[in-house]
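The residues of the chain are indexed from 1 along the displayed sequence. Keep in mind that the numbers below use all heavy atoms, side chains included, and drop hydrogens, waters and symmetry copies.
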Amino acid sequence: MGRSLFSSTFIPPRFPQLPKPSLPFNRSIRPFSPTFPPYSRRIHGFPIPSKPLCAKAVLSESPNPKTYPKIGADSVGPIPLSQLIQVVELAANTGAQVVMEAVNKPRNVTYKGLTDLVTDTDEMSETAILEVVRKNFGDHLILGEEGGFIGDTSSDYLWCIDPLDGTTNFAHCYPSFAVSVGVLFRGKPAAAAVSRVCGGAFCNGQKIHASQTDLVEQSLLVTGFGYEHDDAWATNIDLFKEFTDVSRGVRRLGAAAVDMCHVALGIVEAYWEYRLKPWDMAAGVLMIVEEAGGTVSCMDGGKFCVFDRSVLVSNGALHSKLLERIGPATGKLKEKGIDFSLWYKPENYHTDF
């Protein structure tokens, strides 16, 4: 039932030297000044113009060898879907505009943890997004990465906002970051938008679908690692090694929403990660993976919701094969007592699961 959008703001960035943060930061950063041609390029058949555009992901006709539970909302409630899409797109693009304006300016970097960065751009983007959402839906509950919960927890609607997905990439001038906004109705994704800055737009109104690759050895995979170097982190390092040996490669780009868009576009075949937050996943799992014919589950193969602590998204054709390795590894973590219960779910928030 839910629908999603993917937009991309294209600019030729001229990144300055990364400013010194409040804690030691010894990485040497070189200015990044790529030259983009003035004409459109094509990736997997989709034009990449030199101006912002937005495209709607529609259901793919590609078959899945095995059926997994869908995670999108069956209903979007009393608010028309078109209205939700309009606001979710406006919110994501408003945040992206804030990020775009900051790309070529000095960064004010602080730390939420030893290696967990935050910039003033994260906070300004979230403020701008909140203004859009609250202006249109003042009684809705909001979960922002920087500000936490805002609003009435009895609301059926929960907005999950990542104002700058890939903050570390942004701070290091690595061009893979985005703004991610998703709205849940009773716990399930209803509408979502990801606005990617410093890249290209891939859809341009055309039907998109995940790849048809059904062999691990012919696949390109993506994963991610959290800031805590614990048992889950170590397990994923092992999975990284295993799949590097048997696939065409495993990438680690550092922006979950972008990674999921790449699965939907057929650029990569799958993406997995432990301990993402709802704001990391709410837009991506609906958006593009499920609506483009892909498959979503937890990393043990169980039914997924955005409050889960693990996610595996794939083109569908590879899902079961990936779970042959990922599932048992995740099972061993559970046997060790690692917590995989739902998190960041408001106590009084009503869900359909």
Verify same cluster id: Val263, Val258 (apolar side-chain graph, 4.5 Å): no

Indicate if Met124 and Trp279 have the same hydrophobic cluster label, given that clusters are the connected sets of ILVMFWY residues with side-chain heavy-atom separations under 4.5 angstrom. no

Could you tell me whether a side-chain N or O of Asp162 sits under 3.5 Å from a main-chain N or O of Val179, the two making a donor and an acceptor? no

Pair Tyr271 + His262: ring centers closer than 6.0 Å: no

Over 12 non-hydrogen atoms of neighbours within 6.0 angstrom of CD in Glu228: no

Return the OG1 to CG distance between Thr110 and Leu117, rounded to the nearest 0.5 Å. 8.5 Å

CG on Asp120 to NZ on Lys105, rounded to 0.5 Å: 10.0 Å

Specify the closest pair of heavy atoms between Ala283 and Ala192, including all atoms of both residues, with the distance to one decimal. CA-CB, 3.3 Å

Between Thr167 and Leu164 (side chain of the first, backbone of the second, donor and acceptor by atom type, cut-off under 3.5 Å), is there such a pair? yes

To the nearest 0.5 angstrom, please state how far the CG atom of Asp152 sits from the CG atom of Leu158. 11.5 Å

Could you note down all residue pairs passing side-chain hydrogen bond (donor to acceptor under 3.5 Å, both in side chains) where residues 344-353 supplies at least one of them, sequence neighbours left out? none

With rounding to the nearest 0.5 Å, note down the distance linking CG in Leu90 to CD1 in Ile85. 13.5 Å

One pair to check against side-chain hydrogen bond (donor to acceptor under 3.5 Å, both in side chains): Tyr68 and Ser314. What are the steps and the verdict? CA-CA 11 Å; Tyr68 289 85; Ser314 78; over 6 Å; no

If you measure from CG on Asp280 to CD on Glu145, what distance do you get to the nearest 0.5 Å? 6.0 Å

Do Trp233 and Asp231 come within less than 4.5 Å of each other through their side chains, counting heavy atoms only? no

Axial cation check for Phe170 ring with Arg107, 6.0 Å and 45° limits: yes

Of all heavy-atom pairs linking Phe177 and Gly166, the shortest is CB-O, 3.7 Å

State which residue, out of Thr94, Asp165, Asn93, fulfils the side-chain hydrogen bond (donor to acceptor under 3.5 Å, both in side chains) condition with Ser195. Asn93

Is a side-chain N or O of Ser219 found less than 3.5 angstrom from the main chain of Leu221, in a donor-acceptor match? no

Aromatic centroids of Trp272 and Phe243 separated by under 6.0 Å: yes

Can you tell me how far the CG atom of Leu333 sits from the CG atom of Asp339, to the nearest 0.5 Å? 11.5 Å

Which heavy atom of Val99 sits nearest to which heavy atom of Pro163, and what is that distance? CG2-O, 4.0 Å

Taking atom types as modelled, is there a side-chain donor on Ser310 or Asp300 under 3.5 Å from an acceptor on the other? no

Path from Leu215 to Val268 over hydrophobic side-chain contacts below 4.5 Å: no

Thr223 and Asn236: side chain to side chain contact (heavy atoms under 4.5 Å, CB included), yes or no, with the steps? CA-CA 8 Å; Thr223 189; Asn236 204 26; 3.0 Å; yes

Using atom types as modelled and distance alone, determine if a side-chain donor or acceptor of Lys303 lies under 3.5 Å from a backbone N or O of Ser297. no

Heavy-atom side-chain proximity of Leu220 to Ser247 below 4.5 angstrom: no

With a 4.5 Å heavy-atom cut-off, do Asn108 and Thr119 have their side chains touching? no

State, yes or no, whether a side-chain contact exists between Ile161 and Ile142 at a heavy-atom distance under 4.5 Å. yes

Do Ile150 and Val118 share a hydrophobic cluster (ILVMFWY, side-chain heavy atoms under 4.5 Å, transitive)? no

Side chains of Thr235 and Asp238: donor-acceptor distance under 3.5 Å anywhere? no

Would Cys298 and Val311 count as a side chain to side chain contact (heavy atoms under 4.5 Å, CB included) if you check the C-alpha gap in whole Å, the side-chain angles of each, and the deciding distance to 0.1 Å? CA-CA 4 Å; Cys298 293; Val311 66; over 6 Å; no

Can you name the nearest heavy-atom pair linking Glu242 to Arg325, along with the distance? OE1-NH1, 3.2 Å

Have Tyr274 and Thr330 got a donor and an acceptor in their side chains that come within less than 3.5 Å? yes

Under 3.5 Å, is there a donor-acceptor pair between the Ser211 and Glu269 side chains? yes

Looking at every heavy atom in both Tyr157 and Ile79, which two are closest together, and how far apart are they? OH-N, 3.4 Å

Looking only at heavy atoms, which two atoms of Val181 and Val88 are closest? And how far apart? O-CG2, 3.4 Å

Any heavy-atom pair between the side chains of Asn169 and Pro175 that's under 4.5 Å? no

Do Leu184 and Cys160 make a side-chain contact, defined as non-hydrogen atoms from C-beta onward lying under 4.5 Å apart? yes

Exercise answer: donor-acceptor pairs, residues 128-140 side-chain atoms, under 3.5 Å, sequence neighbours excluded:
residue, atom, partner, partner atom, Å
Asn136, ND2, Val132, O, 2.8
His140, ND1, Trp159, NE1, 3.0

Which residues pass the side-chain contact (heavy atoms from CB on, under 4.5 Å) test with Trp343, sequence neighbours left out? Arg275, Lys277, Arg309

Would a distance-only check, ignoring hydrogens and angles, find a side-chain to backbone donor-acceptor pair under 3.5 Å from Glu126 to Glu146? yes

Side chain to side chain contact (heavy atoms under 4.5 Å, CB included) between Val285 and Val306, worked out: CA-CA 8 Å; Val285 290; Val306 298; 4.2 Å; yes

Apply side chain to side chain contact (heavy atoms under 4.5 Å, CB included) to residues Arg248 and Gln218 and explain how you reach the verdict. CA-CA 6 Å; Arg248 287 182 174 172; Gln218 294 180 5; 4.0 Å; yes

For residues Met299 and Leu323: do they belong to one hydrophobic cluster (side chain heavy atoms under 4.5 Å, members Ile, Leu, Val, Met, Phe, Trp, Tyr)? yes

